[in-house]
Amino acid sequence: MNQLRRATCGELTSADEGSAALLKGWVNTTRDHGGLIFIDLRDRFGLTQVVVDPRSAPAAAEVAASLRSEDVIAAQGLVRRRPAGTENRKLATGEIEIAAESIDVLNRSKTPPFPIHDDSDVDEGLRLRYRYLDLRRPHLQRSIALRHRAVKAVRDYLDSRGFLEIETPMLIKQTPEGARDFLVPSRLHAGAFYALPQSPQLFKQLLMVGGFHRYFQIARCFRDEDTRADRQPEFTQIDLEMTFPTQEDVIEIMEGMLAHMFEAALGAKVATPFPRLSHAEALRRFGSDKPDLRFAMELHDVGPAFTGTEFKIFADALSRGNAILALAETGGASRSRRDMDALAALATTFGAKGLAWISLAPDGPKSSLPKSALTPQLVDSLKAQTKAQEGDAIYLLADERSLAQAIAGKLRLHIADERGMRDPKQFAFCWVLDFPLFERDEESQGLQPAHHPFTAPAPGSEALSGDPLQLRAQHYDVVLNGMELGSGSIRIHDPALQRKIFTLLGYSDDDVERKFGFLLEAFEYGAPPHGGIALGVDRIILLMAGGESIREVIAFPKNQRFQDLMINAPTPVEPAALKELHVRTDIPPPRT
RNA sequence: GGCGCUGUAGCUCAGUUGGUUAGAGCGCCUGCCUGUCACGCAGGAGGUCGUGGGUUCGAGUCCCAUCAGCGUCGCCA
């Protein structure tokens, strides 16, 4: 006599033939042939076909005939090999089926608002409203499981490298700079507020002072910024910090972790070490501080080729000290004039004043440049520098250098997208190094940190002398396929240096004391040199999954307006609740 | 906050120049069907054309406003 085996819907094979099995799950689809009913039973492990024959199991057949999509049932019967020729090779369990002896309905389902058994296109608002149903669909089942495997790989790897997972608080203090904070009113302290962390930055530094040497956390972070595609008000970071590291130490651990993550979660081999570029080189060659290295199409400074040009716009640009940058598109000569105009119009939306082009057509170059400017010497020189050949096109941008780089960088990505050169199955990592310590704040014209104010200056720059904008930082970004995965730095551990940085950034002594006094005080007690990095989990999983939207890798995401359409949040609260919190609302009247 | 796209059956969509009773596929309901696996066949139900106003003899279609979803830019030390 066979013992009854409780099985998932993904595990039975012909090896189990003859055993009695009990399966529970959702009705994926049914096929009622009148005399014979097929049920595809689903759980997260797979699909198993249950067959009900009214001659041998009349009661089960009656139940089976009443089943509808998403009913939850328990089916019991013998595992048997499917008749020859009826195997389903698309299913892991496709060699067998369950010959049902009994079927119990555990719960009925209303007709779902959208199909569950496939990934057919459905309005995202509807999916978010019924997220628990959306989660049952194959796509989200896959990406949430992928996320689990990836995060588990991170924990395993960092554990093996001596890191401790430590939680840091969610109710903390408002930070003066950076993104807007979410505030939480305190009932017990009238008029005072906690803030939700934008990152565990200060706490992880204090954990280093606290002697834990190697810390990590899968940390939830909150930023109350304006909405944007691929942004969520709460998101997750792999946050880590270590004592006594060099930049090389952090890089080595990250490369190991990412390679392990991609291997363990995806089976993808990632070559290490990753290529490295300086910040300046990334901007010069790719027009971005997060270059997509899956393809070349580099930028070229072709200013010298235009010395003495008849083309007034470029001549003027050169005389003002602006740059002329070129980008060559392989096969670009096949673009029509109209296509070129569209590209130029696009460049304008990126902030370009215009876009000149030279099409290296087989019957001679065509160009938006005036004939007089398009000398053979110029064409030869551009071809030599950009390595463009007949059949290609060369695009030219003249502007202030950093602006021209940014525009050319966007154009480069756009053309690559058009040409399908950004293969989501290919993973091109790189490090961007030698960031400036400070940037010019466009609004106030003051200094702002390129990363954050705790970043240590590069060796040799500790004196902070000379032009602050020329100072380099021990700051490193890891980039994948044109997306910044994470950003880190060696931190300042010397309280005097930290004070100097705050002063350069325009903080008064009072400000520093009030906002960062606890950190500076901690540094007075033998703070070890330390550094670390934080990586965006949602983005990494998105790139692994080859998906389009970060919402595809989060179980319960907010919509584009940062609302949860399922639970309907945020919502106004009762006046009594506000009163208890000592909070009064001041809502602007609706516009009329 | 700005700009763009989209709102027609439960879902995905079509709907001509403004003109009779607004359609299709899937889903749903009923019946038939013993080897299907997106089963098949026959029949049926299902619509405030997002909402409000306007133009017109007549509006799904044109205009204005508004709401919602998605995308995009500013913003994100």
Side-chain angles (χ1 to χ4, degrees), chain A residues 28-42 47-56 61 65-66 68-70 80 82-91 93-94 97 99 109-130 133 175-181 198-199 201 221-233 235 346 349-351 410 437-444 446-455 473 475 484 487 489 501-502 505-507 515 536 548-549 551 559-561 563 565 588 590-592:
Chain A
N28 198 54
T29 51
T30 60
R31 295 173 292 282
D32 185 345
H33 287 229
L36 199 61
I37 302 171
F38 298 95
I39 302 160
D40 283 348
L41 194 60
R42 184 194 74 236
L47 280 180
T48 299
Q49 175 167 284
V50 176
V51 190
V52 191
D53 186 337
R55 288 181 309 186
S56 54
S66 77
R68 296 293 178 267
S69 291
E70 301 310 305
R80 75 178 178 212
R82 293 193 189 188
T86 67
E87 300 89 351
N88 185 343
R89 275 171 232 300
K90 284 184 277 183
L91 293 181
T93 62
E97 61 193 9
S109 172
K110 286 168 71 173
T111 302
F114 50 80
I116 306 300
H117 68 272
D118 64 21
D119 286 320
S120 55
D121 218 14
V122 178
D123 175 73
E124 201 180 359
L126 195 69
R127 290 172 51 202
L128 288 170
R129 185 168 154 225
Y130 295 97
L133 296 180
T175 47
E177 296 289 335
R180 278 185 282 269
D181 290 303
Q198 292 179 27
S199 83
Q201 180 63 35
C221 305
F222 304 86
R223 290 181 193 176
D224 188 15
E225 276 308 313
D226 282 333
T227 65
R228 192 79 183 276
D230 267 12
R231 193 182 286 173
Q232 290 274 309
F235 59 97
L346 183 75
T349 69
F350 295 153
K410 285 181 186 171
L437 188 59
F438 300 114
E439 289 168 350
R440 170 89 54 213
D441 182 2
E442 294 300 333
E443 269 175 49
S444 69
L447 289 181
Q448 64 179 20
H451 181 40
H452 55 50
F454 317 111
T455 303
H475 165 190
E484 180 197 309
S487 202
S489 60
I501 296 276
F502 283 137
L505 290 171
Y507 288 90
K515 289 162 179 166
E548 304 268 298
S549 161
R551 295 184 291 265
N559 72 356
Q560 204 202 35
R561 297 180 62 197
Q563 298 160 310
L565 297 177
R591 288 174 303 159
T592 47

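Just so it is clear, the values below take in all heavy atoms, side chains as well, and ignore hydrogens, waters and symmetry mates.
Distance, A:N559 CG to B:G7 P: 20 Å, rounded to whole Å. Put simply, CZ on A:R127 is 21 Å from P on B:A68, counting in whole angstrom units. The interatomic distance linking A:D119 (CG) with B:U12 (C1') rounds to 14 Å, in whole Å. Atoms CG (A:L126) and P (B:U12) sit 7 Å apart, rounded to a whole Å. Whole-Å rounding puts the A:R68 CZ to B:C11 P distance at 20 Å. Per the geometry, NE2 belonging to A:H33 stands 8 Å off C1' belonging to B:C37, to the nearest Å. One interatomic measurement links the two molecules: CZ of A:R231 to P of B:C70, which rounds to 15 Å at whole-angstrom precision. Atom C1' of nucleotide B:G27 and atom CG of A:D121 are separated by 16 Å, given to the nearest angstrom.
By the 4.0 Å N-to-carboxylate-O rule, A:R31 lies close enough to A:D40 to be salt-bridged with it.
In this entry B:U66 has B:G50 as its Watson-Crick or G-U wobble partner, both defining distances falling under 3.5 Å. Judged by Watson-Crick or G-U wobble contacts below 3.5 Å, the nucleotide B:A22 has no partner. Of all nucleotides present, only B:G71 satisfies the Watson-Crick or G-U wobble test against B:C3, with each distance under 3.5 Å. Searching all strands for a Watson-Crick or G-U wobble partner of B:U55 with both distances below 3.5 Å returns nothing. Nucleotide B:C29 has B:G43 as its partner under the Watson-Crick or G-U criteria, with both atom distances under 3.5 Å.
Distances shorter than 4.0 Å separate none of the side-chain N or O atoms of A:K110 from OP1 or OP2 on B:C28. For B:G69, one of the phosphate oxygens OP1 or OP2 lies less than 4.0 angstrom from a side-chain nitrogen or oxygen of A:Q563. Side-chain N/O atoms of A:R31 include none lying less than 4.0 angstrom from OP1 or OP2 on B:U36. An OP1 or OP2 oxygen of B:G71 is reached within less than 4.0 angstrom by a side-chain nitrogen or oxygen of A:R551. The phosphate of B:C76 has neither OP1 nor OP2 within less than 4.0 Å of any side-chain N or O from A:Q198.
A distance cut-off of 5.5 Å between ring centres, combined with a plane angle under 30°, leaves A:F114 outside any stacking arrangement with the base of B:C11.
Among the protein residues, A:D226 comes within range of the nucleic acid bases, having at least one heavy atom under 4.0 Å from a base atom.
Side-chain to base pairing of A:D40 with B:C37: no donor and acceptor N or O lie closer than 3.5 Å to each other. The base of B:C70 has none of its N or O atoms less than 3.5 Å from a complementary donor or acceptor on the side chain of A:R561.
Distance noted for atom C1' between B:G52 and B:C67: 10 Å (whole Å). Atom name P, nucleotides B:G18 and B:C29: the rounded distance is 41 Å, in whole Å. B:U51 sits 22 Å from B:C11 when the C1' atoms are compared, rounded to a whole Å. Nucleotides B:G60 and B:U17 are separated by 15 Å at their C1' atoms, to the nearest Å.
Aromatic ring orientation, A:Y130 versus A:F114: perpendicular (interplanar angle above 60°, classes split at 30° and 60°).
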